[in-house]
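One structure is given below, encoded as C-alpha coordinates.
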Protein chains: 2
Amino acid sequence: MGKKYKFAVIAVDVVIFTIFSNKLNVLLIKMKKKPYLGTWAVPGGLVRGDESVDQAAQRHLLTKTGVKNVYLEQLYTFGRVSRDPSGRVVSVAYFALIPFKGMRLKTTKEYAGVEWFPIDKLPRLAYDHREITSYAAERLKLKLERSNIIYSLLPNEFTLTELRKSYEIILGKKIDKRNFYKKIRSLNIIKSTQKIKRGESNRPAKLYTFISRTPKQVNVL
Amino acid sequence: MGKKYKFAVIAVDVVIFTIFSNKLNVLLIKMKKKPYLGTWAVPGGLVRGDESVDQAAQRHLLTKTGVKNVYLEQLYTFGRVSRDPSGRVVSVAYFALIPFKGMRLKTTKEYAGVEWFPIDKLPRLAYDHREITSYAAERLKLKLERSNIIYSLLPNEFTLTELRKSYEIILGKKIDKRNFYKKIRSLNIIKSTQKIKRGESNRPAKLYTFISRTPKQVNVL
DNA sequence: CCAAAAGTGTTTTGCATACACCCATGA
DNA sequence: TCATGGGTGTATGCAAAACACTTTTGG
(Lines give C-alpha, C1' and ligand atoms only; values in the text may rest on other atoms or scores of the structure.)
Protein backbone atom coordinates (compact mmCIF):
# COMPACT_ATOMS: atom_id res chain seq x y z
CA MET A 1 0.00 0.00 0.00
CA GLY A 2 1.40 3.33 -1.10
CA LYS A 3 2.60 5.79 1.50
CA LYS A 4 3.03 8.54 -1.01
CA TYR A 5 -0.47 9.96 -0.65
CA LYS A 6 -2.53 10.68 2.41
CA PHE A 7 -6.19 9.82 2.42
CA ALA A 8 -8.28 12.10 0.32
CA VAL A 9 -10.26 15.10 1.44
CA ILE A 10 -13.72 15.84 0.10
CA ALA A 11 -14.76 18.91 -1.80
CA VAL A 12 -17.83 20.00 -3.72
CA ASP A 13 -17.96 21.84 -7.02
CA VAL A 14 -21.15 23.51 -8.19
CA VAL A 15 -21.84 24.17 -11.84
CA ILE A 16 -24.31 27.02 -11.82
CA PHE A 17 -26.42 27.54 -14.91
CA THR A 18 -28.62 30.40 -15.95
CA ILE A 19 -30.07 31.66 -19.20
CA PHE A 20 -29.63 35.14 -20.61
CA SER A 21 -28.88 36.71 -23.99
CA ASN A 22 -30.28 33.60 -25.62
CA LYS A 23 -27.45 31.52 -24.21
CA LEU A 24 -26.91 28.98 -21.51
CA ASN A 25 -24.35 30.49 -19.15
CA VAL A 26 -22.10 29.08 -16.47
CA LEU A 27 -20.81 30.93 -13.43
CA LEU A 28 -17.03 30.85 -13.05
CA ILE A 29 -14.66 32.32 -10.51
CA LYS A 30 -11.13 33.46 -11.16
CA MET A 31 -8.59 31.94 -8.81
CA LYS A 32 -6.17 33.93 -6.70
CA LYS A 33 -3.97 31.10 -5.48
CA LYS A 34 -1.41 28.88 -7.05
CA PRO A 35 -1.12 26.54 -8.85
CA TYR A 36 -4.08 27.90 -10.82
CA LEU A 37 -3.52 31.62 -10.26
CA GLY A 38 -5.58 33.56 -12.77
CA THR A 39 -7.36 30.52 -14.13
CA TRP A 40 -11.14 30.24 -14.13
CA ALA A 41 -12.87 27.48 -12.22
CA VAL A 42 -16.26 26.30 -11.10
CA PRO A 43 -17.08 27.56 -7.58
CA GLY A 44 -16.66 25.05 -4.81
CA GLY A 45 -14.70 24.18 -1.72
CA LEU A 46 -14.13 21.70 1.02
CA VAL A 47 -16.81 19.82 2.88
CA ARG A 48 -16.61 20.58 6.58
CA GLY A 49 -16.76 17.87 9.19
CA ASP A 50 -20.03 19.08 10.63
CA GLU A 51 -22.05 19.45 7.44
CA SER A 52 -23.42 17.00 4.94
CA VAL A 53 -22.08 16.99 1.41
CA ASP A 54 -25.38 18.46 0.21
CA GLN A 55 -25.16 21.21 2.79
CA ALA A 56 -21.63 22.00 1.67
CA ALA A 57 -22.88 22.43 -1.89
CA GLN A 58 -25.65 24.75 -0.71
CA ARG A 59 -23.22 26.71 1.41
CA HIS A 60 -20.74 27.26 -1.39
CA LEU A 61 -23.55 28.17 -3.74
CA LEU A 62 -24.89 30.71 -1.27
CA THR A 63 -21.58 32.33 -0.42
CA LYS A 64 -20.49 32.56 -4.04
CA THR A 65 -23.71 33.82 -5.56
CA GLY A 66 -26.02 34.81 -2.73
CA VAL A 67 -28.77 32.51 -3.99
CA LYS A 68 -30.56 29.81 -2.07
CA ASN A 69 -33.64 27.66 -2.50
CA VAL A 70 -32.78 26.91 -6.10
CA TYR A 71 -32.66 23.63 -7.91
CA LEU A 72 -29.51 21.79 -6.87
CA GLU A 73 -28.76 18.23 -7.89
CA GLN A 74 -25.82 15.97 -7.27
CA LEU A 75 -24.14 15.15 -10.53
CA TYR A 76 -21.23 12.81 -10.15
CA THR A 77 -18.18 12.28 -7.98
CA PHE A 78 -14.81 12.85 -9.60
CA GLY A 79 -12.11 10.84 -7.93
CA ARG A 80 -9.00 10.58 -10.09
CA VAL A 81 -5.85 10.52 -7.99
CA SER A 82 -4.15 13.45 -9.68
CA ARG A 83 -7.13 15.63 -10.52
CA ASP A 84 -5.83 18.27 -8.09
CA PRO A 85 -2.10 18.90 -8.34
CA SER A 86 -1.91 20.28 -4.82
CA GLY A 87 -3.22 17.22 -3.01
CA ARG A 88 -5.62 14.33 -3.03
CA VAL A 89 -9.09 15.79 -3.35
CA VAL A 90 -12.21 13.92 -4.32
CA SER A 91 -14.89 16.24 -5.61
CA VAL A 92 -18.62 15.70 -5.49
CA ALA A 93 -20.00 17.78 -8.34
CA TYR A 94 -23.44 19.41 -8.31
CA PHE A 95 -25.34 21.48 -10.77
CA ALA A 96 -27.66 24.33 -9.93
CA LEU A 97 -30.23 26.21 -11.97
CA ILE A 98 -31.08 29.80 -11.18
CA PRO A 99 -33.31 32.36 -12.89
CA PHE A 100 -31.23 35.21 -14.22
CA LYS A 101 -33.73 37.90 -13.34
CA GLY A 102 -32.26 40.22 -10.76
CA MET A 103 -29.17 38.11 -10.18
CA ARG A 104 -26.33 40.15 -8.79
CA LEU A 105 -22.91 38.61 -8.62
CA LYS A 106 -21.14 38.83 -5.30
CA THR A 107 -17.51 39.52 -5.85
CA THR A 108 -15.61 38.44 -2.76
CA LYS A 109 -12.01 39.05 -1.84
CA GLU A 110 -11.48 35.34 -2.02
CA TYR A 111 -11.36 35.44 -5.79
CA ALA A 112 -10.00 37.67 -8.50
CA GLY A 113 -13.39 37.72 -10.22
CA VAL A 114 -16.80 36.17 -10.72
CA GLU A 115 -18.35 36.07 -14.18
CA TRP A 116 -20.88 34.38 -16.41
CA PHE A 117 -19.60 32.60 -19.50
CA PRO A 118 -21.67 31.11 -22.29
CA ILE A 119 -21.32 27.35 -22.18
CA ASP A 120 -19.96 27.24 -25.71
CA LYS A 121 -17.24 29.81 -25.01
CA LEU A 122 -15.67 28.76 -21.77
CA PRO A 123 -12.10 29.79 -21.04
CA ARG A 124 -9.46 27.30 -20.01
CA LEU A 125 -10.58 25.79 -16.72
CA ALA A 126 -8.65 24.61 -13.69
CA TYR A 127 -8.50 21.00 -12.49
CA ASP A 128 -10.89 18.69 -14.34
CA HIS A 129 -13.53 21.39 -14.44
CA ARG A 130 -13.89 21.21 -18.18
CA GLU A 131 -14.97 17.61 -17.80
CA ILE A 132 -17.30 18.54 -14.96
CA THR A 133 -19.04 21.30 -16.90
CA SER A 134 -19.46 19.09 -19.97
CA TYR A 135 -20.94 16.40 -17.83
CA ALA A 136 -23.26 18.91 -16.18
CA ALA A 137 -24.48 20.31 -19.49
CA GLU A 138 -25.18 16.81 -20.71
CA ARG A 139 -27.10 15.90 -17.59
CA LEU A 140 -29.06 19.13 -17.79
CA LYS A 141 -30.30 18.21 -21.25
CA LEU A 142 -31.40 14.76 -20.17
CA LYS A 143 -33.06 16.12 -17.07
CA LEU A 144 -34.88 18.83 -18.95
CA GLU A 145 -36.53 16.31 -21.23
CA ARG A 146 -37.87 14.21 -18.41
CA SER A 147 -38.80 16.65 -15.66
CA ASN A 148 -40.33 20.04 -14.99
CA ILE A 149 -37.13 21.60 -13.62
CA ILE A 150 -37.12 24.23 -16.33
CA TYR A 151 -39.11 26.23 -13.77
CA SER A 152 -35.90 26.99 -11.92
CA LEU A 153 -34.53 28.87 -14.90
CA LEU A 154 -37.56 31.07 -15.44
CA PRO A 155 -39.12 33.95 -13.51
CA ASN A 156 -42.45 33.52 -11.78
CA GLU A 157 -44.38 34.66 -14.81
CA PHE A 158 -43.30 33.97 -18.33
CA THR A 159 -44.66 33.70 -21.84
CA LEU A 160 -44.94 30.48 -23.80
CA THR A 161 -42.28 31.76 -26.14
CA GLU A 162 -39.87 32.36 -23.29
CA LEU A 163 -40.50 28.83 -22.10
CA ARG A 164 -39.99 27.36 -25.53
CA LYS A 165 -36.84 29.38 -26.15
CA SER A 166 -35.37 28.09 -22.90
CA TYR A 167 -35.76 24.56 -24.13
CA GLU A 168 -34.36 25.47 -27.53
CA ILE A 169 -31.29 27.10 -26.02
CA ILE A 170 -30.43 24.20 -23.77
CA LEU A 171 -31.32 21.35 -26.10
CA GLY A 172 -29.73 23.15 -29.01
CA LYS A 173 -32.53 22.57 -31.47
CA LYS A 174 -35.59 24.32 -32.85
CA ILE A 175 -38.94 23.26 -31.45
CA ASP A 176 -42.18 23.61 -33.36
CA LYS A 177 -44.35 26.23 -31.69
CA ARG A 178 -47.73 24.53 -32.08
CA ASN A 179 -46.56 21.06 -31.17
CA PHE A 180 -44.76 22.42 -28.15
CA TYR A 181 -47.78 24.31 -26.82
CA LYS A 182 -49.95 21.28 -27.33
CA LYS A 183 -47.54 19.07 -25.41
CA ILE A 184 -46.94 21.51 -22.55
CA ARG A 185 -50.66 22.06 -22.06
CA SER A 186 -51.26 18.33 -21.92
CA LEU A 187 -48.71 17.98 -19.10
CA ASN A 188 -50.59 20.23 -16.70
CA ILE A 189 -47.47 21.84 -15.33
CA ILE A 190 -48.28 25.46 -16.19
CA LYS A 191 -51.39 27.59 -15.87
CA SER A 192 -52.38 30.90 -17.33
CA THR A 193 -52.27 33.97 -15.14
CA GLN A 194 -54.77 36.51 -16.38
CA LYS A 195 -52.00 38.94 -17.12
CA ILE A 196 -50.59 40.01 -20.40
CA LYS A 197 -47.09 41.09 -21.23
CA ARG A 198 -47.28 44.45 -23.01
CA GLY A 199 -44.71 46.97 -24.06
CA GLU A 200 -43.12 45.38 -27.09
CA SER A 201 -43.92 46.46 -30.58
CA ASN A 202 -45.90 43.38 -31.44
CA ARG A 203 -48.89 41.46 -30.28
CA PRO A 204 -48.77 41.10 -26.48
CA ALA A 205 -48.26 37.63 -24.99
CA LYS A 206 -50.21 35.87 -22.29
CA LEU A 207 -48.30 35.23 -19.10
CA TYR A 208 -48.15 31.78 -17.52
CA THR A 209 -46.90 30.43 -14.24
CA PHE A 210 -45.88 26.99 -13.02
CA ILE A 211 -48.58 25.12 -11.13
CA SER A 212 -45.90 23.65 -8.89
CA ARG A 213 -42.30 24.57 -8.39
CA THR A 214 -41.17 21.25 -7.04
CA PRO A 215 -39.26 18.72 -9.11
CA LYS A 216 -41.55 16.27 -10.83
CA GLN A 217 -41.00 13.65 -13.44
CA VAL A 218 -42.74 14.38 -16.75
CA ASN A 219 -41.84 13.66 -20.34
CA VAL A 220 -41.54 17.05 -21.93
CA LEU A 221 -40.09 15.91 -25.22
CA MET B 1 -17.10 26.27 12.58
CA GLY B 2 -17.60 23.03 14.43
CA LYS B 3 -14.61 21.33 15.99
CA LYS B 4 -16.63 18.31 16.93
CA TYR B 5 -15.97 16.35 13.75
CA LYS B 6 -12.82 15.78 11.79
CA PHE B 7 -12.90 16.01 8.05
CA ALA B 8 -14.56 13.09 6.41
CA VAL B 9 -12.92 10.01 4.96
CA ILE B 10 -14.07 8.49 1.70
CA ALA B 11 -15.41 5.01 1.24
CA VAL B 12 -17.09 3.11 -1.57
CA ASP B 13 -20.05 0.76 -1.35
CA VAL B 14 -20.88 -1.60 -4.17
CA VAL B 15 -24.37 -2.95 -4.69
CA ILE B 16 -23.85 -6.17 -6.63
CA PHE B 17 -26.79 -7.53 -8.56
CA THR B 18 -27.35 -10.85 -10.20
CA ILE B 19 -30.34 -12.84 -11.36
CA PHE B 20 -31.23 -16.35 -10.31
CA SER B 21 -34.32 -18.27 -9.25
CA ASN B 22 -36.40 -15.75 -11.16
CA LYS B 23 -35.38 -13.01 -8.75
CA LEU B 24 -33.10 -10.04 -8.70
CA ASN B 25 -30.56 -10.70 -5.95
CA VAL B 26 -28.16 -8.52 -4.03
CA LEU B 27 -24.89 -9.61 -2.47
CA LEU B 28 -24.56 -8.80 1.23
CA ILE B 29 -21.86 -9.40 3.79
CA LYS B 30 -22.39 -10.01 7.46
CA MET B 31 -20.35 -7.74 9.66
CA LYS B 32 -17.98 -8.88 12.36
CA LYS B 33 -17.26 -5.57 14.03
CA LYS B 34 -19.22 -3.21 16.21
CA PRO B 35 -21.36 -1.20 16.10
CA TYR B 36 -23.04 -3.34 13.44
CA LEU B 37 -21.91 -6.76 14.63
CA GLY B 38 -24.03 -9.41 12.97
CA THR B 39 -25.82 -6.98 10.70
CA TRP B 40 -25.82 -7.36 6.94
CA ALA B 41 -24.34 -4.68 4.72
CA VAL B 42 -23.38 -3.94 1.16
CA PRO B 43 -19.69 -4.72 0.52
CA GLY B 44 -17.35 -1.77 0.46
CA GLY B 45 -14.48 -0.08 2.20
CA LEU B 46 -12.18 2.88 2.28
CA VAL B 47 -10.62 4.57 -0.70
CA ARG B 48 -6.85 4.50 -0.44
CA GLY B 49 -4.73 7.54 -1.08
CA ASP B 50 -3.06 6.05 -4.11
CA GLU B 51 -6.10 4.80 -6.00
CA SER B 52 -8.96 6.54 -7.72
CA VAL B 53 -12.46 6.17 -6.37
CA ASP B 54 -13.36 3.97 -9.35
CA GLN B 55 -10.37 1.76 -8.69
CA ALA B 56 -11.38 1.42 -5.06
CA ALA B 57 -14.80 0.20 -6.17
CA GLN B 58 -13.23 -2.34 -8.51
CA ARG B 59 -10.84 -3.48 -5.81
CA HIS B 60 -13.55 -4.02 -3.23
CA LEU B 61 -15.70 -5.80 -5.78
CA LEU B 62 -12.83 -8.10 -6.70
CA THR B 63 -11.76 -8.96 -3.17
CA LYS B 64 -15.32 -9.58 -1.99
CA THR B 65 -16.59 -11.61 -4.92
CA GLY B 66 -13.61 -12.51 -7.06
CA VAL B 67 -15.18 -10.98 -10.16
CA LYS B 68 -13.70 -8.36 -12.42
CA ASN B 69 -14.42 -6.90 -15.81
CA VAL B 70 -18.10 -6.62 -15.04
CA TYR B 71 -20.42 -3.71 -15.48
CA LEU B 72 -19.73 -1.18 -12.73
CA GLU B 73 -21.32 2.25 -12.59
CA GLN B 74 -21.11 5.07 -10.12
CA LEU B 75 -24.48 5.63 -8.54
CA TYR B 76 -24.55 8.45 -6.08
CA THR B 77 -22.56 9.84 -3.19
CA PHE B 78 -24.10 9.59 0.24
CA GLY B 79 -22.85 12.26 2.56
CA ARG B 80 -25.06 12.69 5.61
CA VAL B 81 -23.05 13.62 8.68
CA SER B 82 -24.27 10.80 10.86
CA ARG B 83 -24.67 8.04 8.32
CA ASP B 84 -21.86 6.12 10.00
CA PRO B 85 -22.06 6.11 13.81
CA SER B 86 -18.35 5.38 14.18
CA GLY B 87 -17.07 8.42 12.33
CA ARG B 88 -17.52 10.81 9.46
CA VAL B 89 -17.55 8.74 6.31
CA VAL B 90 -18.76 9.86 2.92
CA SER B 91 -19.62 6.95 0.70
CA VAL B 92 -19.53 6.84 -3.06
CA ALA B 93 -21.98 4.13 -4.04
CA TYR B 94 -21.63 1.96 -7.14
CA PHE B 95 -23.70 -0.79 -8.60
CA ALA B 96 -22.37 -3.82 -10.41
CA LEU B 97 -24.04 -6.45 -12.57
CA ILE B 98 -22.68 -9.96 -12.79
CA PRO B 99 -23.95 -13.12 -14.50
CA PHE B 100 -24.86 -15.73 -11.92
CA LYS B 101 -23.56 -18.66 -13.91
CA GLY B 102 -20.67 -20.25 -12.11
CA MET B 103 -20.45 -17.55 -9.45
CA ARG B 104 -18.77 -18.82 -6.33
CA LEU B 105 -18.89 -16.67 -3.25
CA LYS B 106 -15.61 -16.04 -1.52
CA THR B 107 -16.09 -16.15 2.19
CA THR B 108 -13.26 -14.27 3.81
CA LYS B 109 -12.28 -14.10 7.45
CA GLU B 110 -13.05 -10.43 7.35
CA TYR B 111 -16.77 -11.11 7.50
CA ALA B 112 -19.09 -13.48 9.27
CA GLY B 113 -20.73 -14.40 5.98
CA VAL B 114 -21.43 -13.57 2.35
CA GLU B 115 -24.85 -14.27 0.85
CA TRP B 116 -27.28 -13.45 -1.90
CA PHE B 117 -30.63 -11.97 -0.91
CA PRO B 118 -33.60 -11.33 -3.17
CA ILE B 119 -34.09 -7.58 -3.48
CA ASP B 120 -37.62 -7.81 -2.12
CA LYS B 121 -36.56 -9.72 0.99
CA LEU B 122 -33.54 -7.92 2.31
CA PRO B 123 -32.71 -8.21 6.00
CA ARG B 124 -32.12 -5.15 8.15
CA LEU B 125 -29.11 -3.37 6.74
CA ALA B 126 -26.31 -1.41 8.40
CA TYR B 127 -25.72 2.33 7.90
CA ASP B 128 -27.88 3.85 5.17
CA HIS B 129 -27.51 0.75 3.04
CA ARG B 130 -31.23 0.28 2.70
CA GLU B 131 -31.42 3.65 1.00
CA ILE B 132 -28.42 2.82 -1.16
CA THR B 133 -29.86 -0.49 -2.37
CA SER B 134 -33.24 1.09 -3.14
CA TYR B 135 -31.54 3.79 -5.09
CA ALA B 136 -29.47 1.22 -6.95
CA ALA B 137 -32.49 -0.89 -7.87
CA GLU B 138 -34.24 2.20 -9.17
CA ARG B 139 -31.27 3.25 -11.26
CA LEU B 140 -30.92 -0.26 -12.60
CA LYS B 141 -34.46 -0.13 -13.96
CA LEU B 142 -33.91 3.19 -15.66
CA LYS B 143 -30.61 2.07 -17.10
CA LEU B 144 -32.01 -1.19 -18.39
CA GLU B 145 -34.61 0.61 -20.44
CA ARG B 146 -32.12 2.83 -22.17
CA SER B 147 -29.01 0.73 -22.69
CA ASN B 148 -27.81 -2.74 -23.58
CA ILE B 149 -26.28 -3.47 -20.16
CA ILE B 150 -28.55 -6.45 -19.65
CA TYR B 151 -25.68 -8.35 -21.28
CA SER B 152 -23.78 -8.22 -18.00
CA LEU B 153 -26.46 -10.26 -16.28
CA LEU B 154 -26.61 -13.03 -18.86
CA PRO B 155 -24.24 -15.81 -19.89
CA ASN B 156 -22.54 -15.74 -23.26
CA GLU B 157 -25.34 -17.67 -24.90
CA PHE B 158 -28.95 -17.33 -23.92
CA THR B 159 -32.43 -17.83 -25.27
CA LEU B 160 -34.85 -15.06 -26.12
CA THR B 161 -37.02 -16.18 -23.26
CA GLU B 162 -34.16 -15.89 -20.80
CA LEU B 163 -33.50 -12.41 -22.10
CA ARG B 164 -37.13 -11.41 -21.82
CA LYS B 165 -37.49 -12.90 -18.35
CA SER B 166 -34.49 -10.89 -17.17
CA TYR B 167 -36.24 -7.69 -18.17
CA GLU B 168 -39.47 -8.86 -16.61
CA ILE B 169 -37.79 -9.68 -13.31
CA ILE B 170 -36.02 -6.36 -13.00
CA LEU B 171 -38.73 -4.11 -14.35
CA GLY B 172 -41.38 -6.02 -12.47
CA LYS B 173 -43.86 -6.31 -15.30
CA LYS B 174 -44.90 -8.75 -17.99
CA ILE B 175 -43.61 -8.10 -21.48
CA ASP B 176 -45.38 -9.29 -24.61
CA LYS B 177 -43.29 -11.96 -26.29
CA ARG B 178 -43.89 -10.99 -29.89
CA ASN B 179 -43.53 -7.27 -29.40
CA PHE B 180 -40.36 -7.82 -27.41
CA TYR B 181 -38.71 -10.03 -30.03
CA LYS B 182 -39.61 -7.56 -32.73
CA LYS B 183 -38.09 -4.69 -30.78
CA ILE B 184 -34.92 -6.52 -29.76
CA ARG B 185 -34.27 -7.66 -33.31
CA SER B 186 -34.67 -4.11 -34.59
CA LEU B 187 -32.01 -2.90 -32.15
CA ASN B 188 -29.24 -5.07 -33.61
CA ILE B 189 -27.72 -5.88 -30.27
CA ILE B 190 -28.00 -9.65 -30.39
CA LYS B 191 -27.34 -12.25 -33.06
CA SER B 192 -28.26 -15.87 -33.43
CA THR B 193 -25.65 -18.52 -32.77
CA GLN B 194 -26.46 -21.63 -34.73
CA LYS B 195 -26.89 -23.59 -31.56
CA ILE B 196 -30.01 -24.87 -29.95
CA LYS B 197 -30.74 -25.42 -26.31
CA ARG B 198 -32.03 -28.94 -25.86
CA GLY B 199 -32.75 -31.09 -22.86
CA GLU B 200 -36.00 -29.69 -21.56
CA SER B 201 -39.28 -31.41 -22.13
CA ASN B 202 -40.55 -28.88 -24.59
CA ARG B 203 -39.64 -27.38 -27.89
CA PRO B 204 -35.92 -26.46 -27.91
CA ALA B 205 -34.95 -22.79 -28.09
CA LYS B 206 -32.47 -21.03 -30.33
CA LEU B 207 -29.43 -19.60 -28.60
CA TYR B 208 -28.39 -15.99 -29.09
CA THR B 209 -25.37 -13.94 -28.14
CA PHE B 210 -24.71 -10.22 -27.78
CA ILE B 211 -23.06 -8.62 -30.78
CA SER B 212 -21.12 -6.35 -28.46
CA ARG B 213 -20.55 -6.49 -24.74
CA THR B 214 -19.74 -2.86 -24.26
CA PRO B 215 -22.23 -0.37 -22.82
CA LYS B 216 -24.24 1.34 -25.51
CA GLN B 217 -27.25 3.59 -25.41
CA VAL B 218 -30.36 2.05 -26.93
CA ASN B 219 -34.04 2.36 -26.16
CA VAL B 220 -35.09 -1.13 -25.23
CA LEU B 221 -38.55 -0.26 -23.97
C1' DC C 1 -50.53 -38.52 -26.61
C1' DC C 2 -49.81 -34.95 -23.38
C1' DA C 3 -47.64 -31.03 -21.16
C1' DA C 4 -44.79 -27.22 -21.74
C1' DA C 5 -42.44 -23.67 -23.75
C1' DA C 6 -40.91 -21.83 -28.57
C1' DG C 7 -41.97 -19.45 -32.41
C1' DT C 8 -44.47 -16.40 -35.45
C1' DG C 9 -47.93 -11.43 -38.10
C1' DT C 10 -51.48 -8.42 -38.36
C1' DT C 11 -54.45 -4.80 -36.72
C1' DT C 12 -55.33 -0.93 -33.85
C1' DT C 13 -54.17 3.12 -31.41
C1' DG C 14 -51.95 6.99 -29.81
C1' DC C 15 -48.36 10.15 -30.05
C1' DA C 16 -44.84 12.80 -32.56
C1' DT C 17 -44.19 15.43 -36.55
C1' DA C 18 -44.99 18.50 -40.30
C1' DC C 19 -47.00 22.45 -41.78
C1' DA C 20 -49.30 28.14 -42.82
C1' DC C 21 -52.11 31.76 -41.91
C1' DC C 22 -54.37 35.51 -39.29
C1' DC C 23 -54.01 38.70 -35.10
C1' DA C 24 -52.71 42.48 -31.98
C1' DT C 25 -49.69 45.76 -30.86
C1' DG C 26 -46.06 49.85 -30.93
C1' DA C 27 -43.71 52.69 -33.74
C1' DT D 1 -49.21 50.98 -42.54
C1' DC D 2 -45.73 48.14 -41.43
C1' DA D 3 -42.80 45.13 -38.89
C1' DT D 4 -42.76 41.92 -35.28
C1' DG D 5 -43.75 38.19 -32.68
C1' DG D 6 -48.37 35.87 -30.73
C1' DG D 7 -51.68 32.63 -31.37
C1' DT D 8 -54.13 28.68 -33.44
C1' DG D 9 -55.79 23.17 -36.03
C1' DT D 10 -55.36 19.36 -39.14
C1' DA D 11 -53.32 15.66 -41.65
C1' DT D 12 -49.66 12.10 -41.84
C1' DG D 13 -46.34 8.68 -40.34
C1' DC D 14 -44.46 5.63 -37.21
C1' DA D 15 -43.85 2.99 -33.39
C1' DA D 16 -46.08 0.77 -29.33
C1' DA D 17 -49.63 -2.23 -27.88
C1' DA D 18 -52.97 -5.72 -28.22
C1' DC D 19 -53.85 -10.13 -29.50
C1' DA D 20 -53.92 -16.43 -30.55
C1' DC D 21 -52.55 -20.25 -32.73
C1' DT D 22 -49.21 -23.75 -34.43
C1' DT D 23 -44.76 -26.23 -33.64
C1' DT D 24 -41.43 -29.09 -31.42
C1' DT D 25 -39.63 -31.58 -28.07
C1' DG D 26 -39.22 -34.94 -23.64
C1' DG D 27 -41.58 -37.87 -20.89
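Proteins get letters first, then strands, A, B, ... in listed order; numbering begins at 1 in each. No experiment lies behind these values; they were computed from the predicted model shown.
For residues 182-198 of chain A, proximity to DNA chain C is found at A:Lys182, A:Lys183, A:Arg198, defined as any non-hydrogen atom under 4.0 angstrom from a strand atom.
For B:Arg178 and D:dA20, a side-chain-to-base donor-acceptor distance below 3.5 Å is present, hydrogens and geometry of angles not being considered. Under 3.5 Å, the side chain of B:Asp176 and the base of D:dA16 form no donor-acceptor pair of N or O atoms.
The NZ-P distance, from B:Lys173 to D:dA18, rounds to 10 Å in whole Å. At whole-Å resolution of the value, CG in B:Asn219 and P in C:dC15 are 18 Å apart. Atom NZ in B:Lys165 sits roughly 12 Å away from atom C1' in C:dA4 (whole-Å rounding). Counting to the nearest Å, the C1' atom of D:dT8 and the CZ atom of A:Phe180 are 16 Å from each other. Distance NZ (B:Lys174) to P (C:dA5): 11 Å, rounded to an integer number of Å. Across the protein-nucleic acid pair, A:Asn179 atom CG and D:dC14 atom P stand 16 Å apart, rounded to whole Å.
Relative ring orientation between B:Phe100 and B:Trp116 is described as perpendicular, the plane-to-plane angle rising above 60° on a 0-90° scale split at 30° and 60°. Ring orientation note: the planes of A:Phe78 and A:Tyr76 are nearly perpendicular, at an angle over 60° on the 30°/60° scale. Using cut-offs of 30° and 60° for the angle between ring planes, the B:Phe210 and B:Phe158 rings count as tilted.
Using a 4.5 Å heavy-atom cutoff, the side chains of A:Ile190 and A:Ile211 are not in contact. Residues A:Val70 and A:Leu97 form no side-chain contact, since every pair of their non-hydrogen atoms from C-beta on lies 4.5 Å or further apart. Looking at B:Leu153 and B:Tyr71, their side chains never come closer than 4.5 Å, going by heavy atoms from C-beta outward. For the pair B:Lys183/B:Val220, no side-chain contact is recorded, criterion being any heavy-atom separation below 4.5 Å from C-beta on.
With D:dT8, C:dA18, C:dA24 as the candidates, the nucleotide lying closest to the side chain of A:Pro204 is C:dA24.
Within 6.0 Å of atom NZ in A:Lys195, 12 or fewer heavy atoms from other residues, nucleotides or ligands are found, so the atom counts as exposed in its surroundings.
Using a 4.0 Å cut-off, some side-chain N or O of B:Lys206 falls inside it from OP1 or OP2 of C:dT8.
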Check the interface with nucleotides 3-5 of chain D: list each N/O to N/O pair with the protein under 3.5 Å, or write none.
{"residue": "D:dG5", "atom": "O4'", "partner": "A:Asn202", "partner atom": "ND2", "Å": "3.1"}

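The residues B:Arg83 and B:Glu131 are annotated as not salt-bridged, no charged nitrogen and carboxylate oxygen being separated by less than 4.0 angstrom.
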